[in-house]
Amino acid sequence: MKVLVTGGAGFIGSNFVLRAREVRPAWELTVIDAMTYAGNRASLAPVEDEIRFVEGSIADADLVDRLVAENDLVIHFAAESHNDNSLDNPWPFMESNIIGTYRLLEAVRKHDKRIHHISTDEVYGDLELDDPNRFLETTPVNPSSPYSASKASADLLVRAWIRSFGLKATLSNCSNNYGPRQHVEKFIPRQITGILDGVKPKLYGAGANVRDWIHVDDHNDAVIAIVEQGRLGETYLIGADGEQNNRQMIALILELMDKPADWFEHVNDRPGHDLRYAIDSTKLRAETDWRPQYQDIRAGLRQTIDWYAANRAWWETSKAATEQVYARLGR
Ligand code: NAD
Ligand code: DAU
């Protein structure tokens with residue numbers, strides 16, 4: 001099978017490519033990535049000779065048309081992915097996440113191919129801390145930030161193309177990923193790399209916000225399971241029952257990195273900050289044989305911390321620029 005991976009130089013996409021080379025060696029992989037600040041070719045170095053890499057944007061209709069025509073399946077990770085950036089400058093989110101997805105859908109329709117669209121639990125808005133319900137595939141979309149609104153828009157386009165044109169597509173909405181090769185702007189790598197540099201973790205507001213953490217390999221295994229065992233036209237929620245609030249996560253990171261429990265500081269909160277995400281992944285588990293391998297958040301974090309400690313060259317170049325942005329935003 002020939003597989004086009006969009007956003008394959010980013011965090012989840014690059015881990016997907018590495019994983020797919022391991023568990024599906026017969027797949028012929030082409031990556032298209034615009035190499036924004038979030039793309040990193042070093043993430044693909046171990047498989048550089050085994051894949052085809054095309055630098056370009058999914059908003060480029062001609063390029064997308066050509067690449068889709070040459071492949072059987074598109075796995076669509078490419079997006080602007082950071083909420084804080086979307087609050088600062090929403091336009092790249094509209095272009096990559098909405099227009100880029102539209103270009104892919106049109107090419108997939110024209111050439112009668114298949115697409116799996118990667119999305120986020122953030123499209124469903126947020127939950128109260130004591131809400132006994134979790135997100136389901138039937139939960140109405142209710143996004144809060146320009147990022148999540150752009151992802152919800154893309155999801156709605158995919159669903160419309162399925163219904164109106166019979167597009168061969170599946171969707172998945174996953175919770176917060178962690179693991180190696182995540183950009184240092186994101187919560188967990190920001191704190192780990194800060195501590196490695198002697199800087200205290202930064203907690204937005206009071207830190208009561210809850211995220212439903214999943215290891216990136218578990219996310220990517222679920223994507224493979226959906227592509228192979230899921231039903232066309234369906235949406236699957238991906239989650240590993242990993243709810244933790246941000247204070248708890250910082251406490252765990254500090255403990256694993258041998259720092260005192262109070263060695264962190266509060267910074268300004270994110271405007272419109274979603275309170276809680278929580279995924280009910282019953283449908284995925286009922287229809288596929290997928291089960292998360294990383295059941296223990298401590299073991300997953302230990303592996304992630306070790307990776308950042310051993311791969312300074314991977315993140316050091318982007319650390320200063322990232323912190324300059326945060327300094328301007330007061331976070
Ligand atoms: P990331 O920011 O690390 O990587 C995104 C990649 O897409 C980068 O390599 C970037 O260069 C590329 N890209 C951006 N715009 C592009 C364009 N116009 N054309 C081609 N490439 C482009 O993001 P990530 O965390 O790996 O997220 C990947 C996908 O997973 C996104 O669709 C995101 O919404 C979704 N998702 C992320 C999480 C998470 O916790 N990180 C959870 C659920 C879903
Ligand atoms: O839920 C899935 C989403 O998870 C994905 O769609 C997004 O692409 C991904 O970035 C992530 O979004 P969040 O906004 O939840 O992730 P982030 O890493 O930015 O922040 C996680 C939590 O930590 C959030 O409550 C904000 C908080 N935070 C973040 C940073 C960077 C801090 O307290 N301090 C920080 O320094």
Side-chain angles (χ1 to χ4, degrees), residues 5-16 31-41 43-44 54-60 63-64 75-87 92-93 95-97 99-101 103-104 117-124 126 135 144-145 147-148 150-151 154-155 172-179 181-191 194 201-214 216 219-220 223 238-239 244-247 249-250 264-270 273-279 322-323 326 329 331:
V5 180
T6 76
F11 165 46
I12 306 176
S14 64
N15 280 289
F16 179 86
V31 166
I32 174 176
D33 198 295
M35 296 308 287
T36 69
Y37 77 96
N40 192 334
R41 282 294 286 275
S43 299
L44 295 171
V54 179
E55 183 168 341
S57 173
I58 54 164
D60 177 340
L63 177 63
V64 163
I75 303 193
H76 176 31
F77 294 97
E80 288 290 337
S81 69
H82 194 36
N83 276 297
D84 289 325
N85 292 344
S86 81
L87 294 160
F93 292 75
E95 185 176 35
S96 292
N97 301 4
I99 297 171
T101 300
R103 297 289 185 217
L104 285 163
H117 173 68
I118 306 290
S119 191
T120 166
D121 59 359
E122 293 197 16
V123 301
Y124 302 113
D126 61 352
F135 297 138
S144 313
S145 73
Y147 162 66
S148 51
S150 70
K151 293 296 293 186
D155 292 12
S172 55
N173 295 74
C174 188
S175 57
N176 284 64
N177 287 217
Y178 73 95
R181 302 172 198 86
Q182 185 169 31
H183 194 277
V184 292
E185 70 191 354
K186 302 296 187 336
F187 178 54
I188 290 178
R190 185 184 188 199
Q191 317 312 339
K202 317 264 191 221
L203 189 61
Y204 289 3
N209 311 67
V210 171
R211 296 295 182 263
D212 192 350
W213 294 99
I214 182 172
V216 64
H219 180 183
N220 284 327
V223 171
I238 305 173
Q244 301 276 338
N245 73 34
N246 296 339
R247 276 196 311 269
M249 282 306 273
I250 284 193
F264 68 91
E265 61 189 16
H266 293 273
V267 294
N268 291 336
D269 208 349
R270 171 186 287 169
H273 195 172
D274 278 342
L275 186 53
R276 172 174 166 238
Y277 308 136
I279 290 267
T322 301
E323 289 305 322
Y326 278 124
L329 298 175
R331 295 199 278 281

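Numbers here are sequence positions counted from 1. Indexing begins at 1, ligand by ligand and atom by atom, following the structure's order. Since we're looking at a predicted model, the values are computed, not measured.
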For Glu185, salt bridge (charged side-chain N to carboxylate O under 4.0 Å, His left out) partners two or more places apart = none
Which residue and atom name correspond to the protein heavy atom nearest [atom], and how close is it?
atom: atom 1 (O) of ligand 2; answer: Asp121 OD1, 2.5 Å
atom: atom 8 (O) of ligand 2; answer: Ser81 O, 2.8 Å
atom: atom 21 (C) of ligand 2; answer: Phe187 CB, 3.6 Å
atom: atom 10 (O) of ligand 2; answer: Lys186 CE, 3.1 Å
atom: atom 34 (N) of ligand 2; answer: Lys202 O, 2.7 Å
atom: atom 33 (O) of ligand 2; answer: Tyr204 N, 2.9 Å
atom: atom 12 (O) of ligand 2; answer: Glu122 OE2, 2.8 Å

Closest candidate by heavy atom, reference [atom], pool [options]:
atom: atom 4 (O) of ligand 2; options: Asn176, Thr120, Leu275; result: Asn176
atom: atom 36 (O) of ligand 2; options: Arg190, Glu80, His273; result: Arg190
atom: atom 27 (C) of ligand 2; options: Val267, Ile250, Asn246, Val210; result: Asn246
atom: atom 17 (P) of ligand 2; options: Arg211, Glu185, Arg270; result: Arg270

Taking all non-hydrogen atoms of both residues, which atom of [X] and which atom of [Y] are closest, and how far apart?
X: Gln182; Y: Pro189; value: OE1-CD, 3.4 Å
X: Ser81; Y: Tyr147; value: CA-CE1, 3.6 Å
X: Asn83; Y: Ser148; value: OD1-N, 4.4 Å

If you look at each N/O of ligand 1, which protein N/O atoms lie under 3.5 Å away, and at what distance?
unit_1: ligand 1; atom_1: 2 (O); unit_2: Ser81; atom_2: OG; d: 2.7
unit_1: ligand 1; atom_1: 3 (O); unit_2: Phe11; atom_2: N; d: 3.0
unit_1: ligand 1; atom_1: 9 (O); unit_2: Gly10; atom_2: N; d: 3.0
unit_1: ligand 1; atom_1: 9 (O); unit_2: Asp33; atom_2: OD1; d: 3.2
unit_1: ligand 1; atom_1: 9 (O); unit_2: Asp33; atom_2: OD2; d: 2.6
unit_1: ligand 1; atom_1: 11 (O); unit_2: Asp33; atom_2: OD1; d: 2.6
unit_1: ligand 1; atom_1: 11 (O); unit_2: Thr36; atom_2: N; d: 3.1
unit_1: ligand 1; atom_1: 11 (O); unit_2: Thr36; atom_2: OG1; d: 3.0
unit_1: ligand 1; atom_1: 15 (N); unit_2: Ser96; atom_2: OG; d: 3.2
unit_1: ligand 1; atom_1: 18 (N); unit_2: Ser57; atom_2: OG; d: 3.1
unit_1: ligand 1; atom_1: 18 (N); unit_2: Ser96; atom_2: OG; d: 2.9
unit_1: ligand 1; atom_1: 19 (N); unit_2: Ile58; atom_2: N; d: 3.0
unit_1: ligand 1; atom_1: 21 (N); unit_2: Ala34; atom_2: N; d: 3.0
unit_1: ligand 1; atom_1: 23 (O); unit_2: Ser81; atom_2: OG; d: 3.2
unit_1: ligand 1; atom_1: 26 (O); unit_2: Phe11; atom_2: N; d: 3.3
unit_1: ligand 1; atom_1: 26 (O); unit_2: Ile12; atom_2: N; d: 2.8
unit_1: ligand 1; atom_1: 32 (O); unit_2: Phe77; atom_2: O; d: 2.9
unit_1: ligand 1; atom_1: 32 (O); unit_2: Lys151; atom_2: NZ; d: 2.6
unit_1: ligand 1; atom_1: 34 (O); unit_2: Tyr147; atom_2: OH; d: 2.6
unit_1: ligand 1; atom_1: 34 (O); unit_2: Lys151; atom_2: NZ; d: 3.1
unit_1: ligand 1; atom_1: 40 (O); unit_2: Asn177; atom_2: N; d: 2.9

query = Looking only at distance, does Ser175 have an N or O less than 3.5 Å from an N or O of ligand 2?
reply = no
inquiry  = Please check whether Tyr147 reaches ligand 2 - meaning an N/O of the residue sits under 3.5 Å from an N/O of the ligand, judged on distance alone.
reply    = yes
Distance-only, no hydrogens or angles: does the [X] side chain make a donor-acceptor pair with backbone N or O of [Y] under 3.5 Å?
X: Asn209; Y: Asp274; value: yes
X: Arg211; Y: Asn246; value: no
X: Asp269; Y: Val267; value: no

ask   = Would Arg270 and Asp84 satisfy salt bridge (Lys or Arg N to Asp or Glu O under 4.0 Å), going step by step from the backbone distance to the final call?
value = CA-CA 7 Å; Arg270 171 186 287 169; Asp84 289 325; 2.7 Å; yes
task = Run the contact test for Gln191 against ligand 2 with a 4.0 Å cut-off on heavy atoms, strictly below, and give the result.
result = yes
task = Would you check whether Lys151 reaches within less than 4.0 Å of ligand 2, judged by its heavy atoms?
result = no
remark   = For Tyr326, the ring pair (Phe, Tyr, Trp, His ring centres under 6.0 Å) test, sequence neighbours excluded, returns none
key: Rounded distance [0.5 Å steps], OG in Ser57 versus CD1 in Ile32   = 6.5 Å
task = Quick one: pull up OG1 in Thr120 and CZ in Phe135 and give me the separation to the nearest 0.5 Å.
result = 9.0 Å
message = Under a 3.5 Å cutoff, is there a donor and acceptor pairing between the side chains of Asp212 and Ser175?
response = no
[X] heavy atoms, cut-off 4.0 Å: which ligand 2 atoms fall inside?
X: Tyr277; value: 1 (O), 15 (O)
X: Asn83; value: 12 (O), 13 (P), 14 (O)
X: Tyr326; value: 31 (C)
X: His82; value: 19 (O)

ask   = Can you check whether Lys202 reaches Arg331 side chain to side chain, under 4.5 Å on heavy atoms?
value = no
For residues 6-13, dump all side-chain donor-acceptor pairs below 3.5 Å to protein atoms at least two apart in sequence or in another chain.
unit_1: Thr6; atom_1: OG1; unit_2: His76; atom_2: ND1; d: 2.8
unit_1: Thr6; atom_1: OG1; unit_2: Phe77; atom_2: N; d: 2.9
unit_1: Thr6; atom_1: OG1; unit_2: Ala78; atom_2: N; d: 2.9

message = So if I apply the side-chain contact (heavy atoms from CB on, under 4.5 Å) rule between His219 and each of Asn176, Asn15, Ile118, which one comes out positive?
response = Ile118
